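Quick note: residue numbers are just sequence positions, from 1. Because the structure is a prediction, the values reported are computed rather than measured.
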Amino acid sequence: MAEKKQRQVVISRSAANGIISYSKALHPNEGILILQGKVTRELVIIEGLVIPPFASSGPYYSGFSNFSLPFDNSYIGSAHSHPGGSNRPSLEDLNRGFYGAVSIIIAHPYEDSTIGAYDRDGNKLEIKIANS
Ligand SMILES: [Zn+2]
């Protein structure tokens, strides 16, 4: 059986910078952001960030209620920080439920190279930072 091809994630330079600076500002707590952009068959394109309403965060948990979000189909996923230094999804991340098409995790020290992207099955996706 043919394996389903995974999407590639393309994030704008300014959105990547936004995730990096937001994560640094909240460190040592986790930060969480909503990703805005569009999803095609082959790509997840991240163009902007939204700070979620009613976000809660702490050293080991960050989250928001999907129910508090207005319906908006430009919201394509979420990004959150891992102050602990691994960008793999934690058990809580997997159990919490998945929002949108992609989950971005950035690990301390919050650099381009510590950004990871995952689909709803927990598969790691290729991520590219666009220079425009
Ligand atoms: Zn996490």
Side-chain angles (χ1 to χ4, degrees):
M1 276 213 285
E3 210 171 294
K4 201 179 133 206
K5 197 177 179 306
Q6 287 171 2
R7 291 187 176 107
Q8 190 192 27
V9 178
V10 180
I11 183 166
S12 71
R13 181 72 263 172
S14 61
N17 287 350
I19 293 169
I20 288 168
S21 54
Y22 189 72
S23 301
K24 283 182 176 166
L26 288 178
H27 187 79
N29 290 328
E30 279 192 28
I32 188 158
L33 292 161
I34 297 166
L35 304 170
Q36 268 193 309
K38 47 183 176 271
V39 179
T40 69
R41 205 154 12 158
E42 280 114 31
L43 293 174
V44 177
I45 302 161
I46 301 164
E47 294 165 327
L49 305 169
V50 179
I51 296 174
F54 315 116
S56 59
S57 75
Y60 306 110
Y61 175 78
S62 63
F64 57 89
S65 164
N66 291 351
F67 303 108
S68 66
L69 292 175
F71 176 77
D72 186 326
N73 57 22
S74 73
Y75 293 173
I76 56 162
S78 67
H80 74 279
S81 59
H82 275 180
S86 160
N87 67 11
R88 301 197 60 78
S90 65
L91 266 182
E92 288 79 34
D93 293 337
L94 297 171
N95 292 337
R96 174 192 303 169
F98 198 89
Y99 177 74
V102 65
S103 177
I104 299 281
I105 300 175
I106 182 169
H108 186 260
Y110 314 125
E111 295 165 344
D112 289 355
S113 62
T114 67
I115 298 176
Y118 299 88
D119 69 12
R120 66 170 58 240
D121 299 318
N123 298 309
K124 194 163 186 156
L125 304 178
E126 195 188 328
I127 184 163
K128 199 176 112 188
I129 298 172
N131 276 316
S132 51

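- What you find for L26 and G31 is that their closest heavy atoms are CD1-CA, 3.4 Å.
- L125 and I127 fall within the same hydrophobic cluster, defined by Ile, Leu, Val, Met, Phe, Trp and Tyr side-chain heavy atoms under 4.5 Å apart, directly or through other members.
- For the pair D121 (side chain) and N123 (backbone), a donor-acceptor distance under 3.5 Å is absent.
- Scanning both residues, I19 and A79, for their nearest heavy atoms gives CD1-CB, 3.9 Å.
- Scanning both residues, G37 and I76, for their nearest heavy atoms gives O-CG2, 3.7 Å.
- Applying the side-chain contact (heavy atoms from CB on, under 4.5 Å) rule to K24 yields the partners I20, Y110; only residues at least two apart in sequence or on another chain are considered.
- Heavy-atom minimum distance, A117 versus V9: CB-CG2, 3.9 Å.
- The shortest non-hydrogen separation linking G85 to A107 is C-CB, 3.6 Å.
- Between S103 atom OG and I32 atom CD1 the span is 7.5 Å, to the nearest 0.5 Å.
- Other members of a hydrophobic cluster containing L91 are absent, since no ILVMFWY side chain comes under 4.5 Å of it, directly or through relayed contacts.
- Applying the side chain to side chain donor-acceptor pair (under 3.5 Å) rule to H82 yields the partners H80, D93; only residues at least two apart in sequence or on another chain are considered.
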inquiry  = Show, in sequence, the C-alpha distance, side-chain angles and deciding distance for N87 and I115, and conclude whether the side-chain contact (heavy atoms from CB on, under 4.5 Å) test is met.
reply    = CA-CA 7 Å; N87 67 11; I115 298 176; 5.8 Å; no
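- Residues passing the side-chain contact (heavy atoms from CB on, under 4.5 Å) test with R88 are S86, Y118, sequence neighbours excluded.
- Taking OG of S78 as the start and CG of L35 as the end, the distance is 6.5 Å to the nearest 0.5 Å.
- I45 pairs by the side-chain contact (heavy atoms from CB on, under 4.5 Å) definition with K38, L43, E47, not counting sequence neighbours.
- Two different hydrophobic clusters hold I105 and V44 under the rule that ILVMFWY side chains link at heavy-atom gaps under 4.5 Å.
- S74 meets the side chain to side chain donor-acceptor pair (under 3.5 Å) test with Q36, D72; sequence neighbours excluded.
- Scanning both residues, A15 and L49, for their nearest heavy atoms gives O-CD1, 3.4 Å.
- Checked by atom type and distance alone, the side chain of R120 never pairs as donor or acceptor with a backbone atom of A101 at under 3.5 Å.
- By the side-chain contact (heavy atoms from CB on, under 4.5 Å) test, N17 pairs with R13, sequence neighbours left out.
- Taking Q8 as the reference, E126 meet the side chain to side chain donor-acceptor pair (under 3.5 Å) condition, with sequence neighbours excluded.
- Sorted pairs that involve residues 73-85 and meet salt bridge (charged side-chain N to carboxylate O under 4.0 Å, His left out), not counting sequence neighbours, are lacking altogether.
- Side-chain atoms of T114 never come within 3.5 Å of backbone atoms of H108 as a donor-acceptor pair (strictly under, hydrogens ignored).
- Separation of atoms CD1 (I46) and CD1 (I104) is listed at 4.0 Å; rounding is to 0.5 Å.
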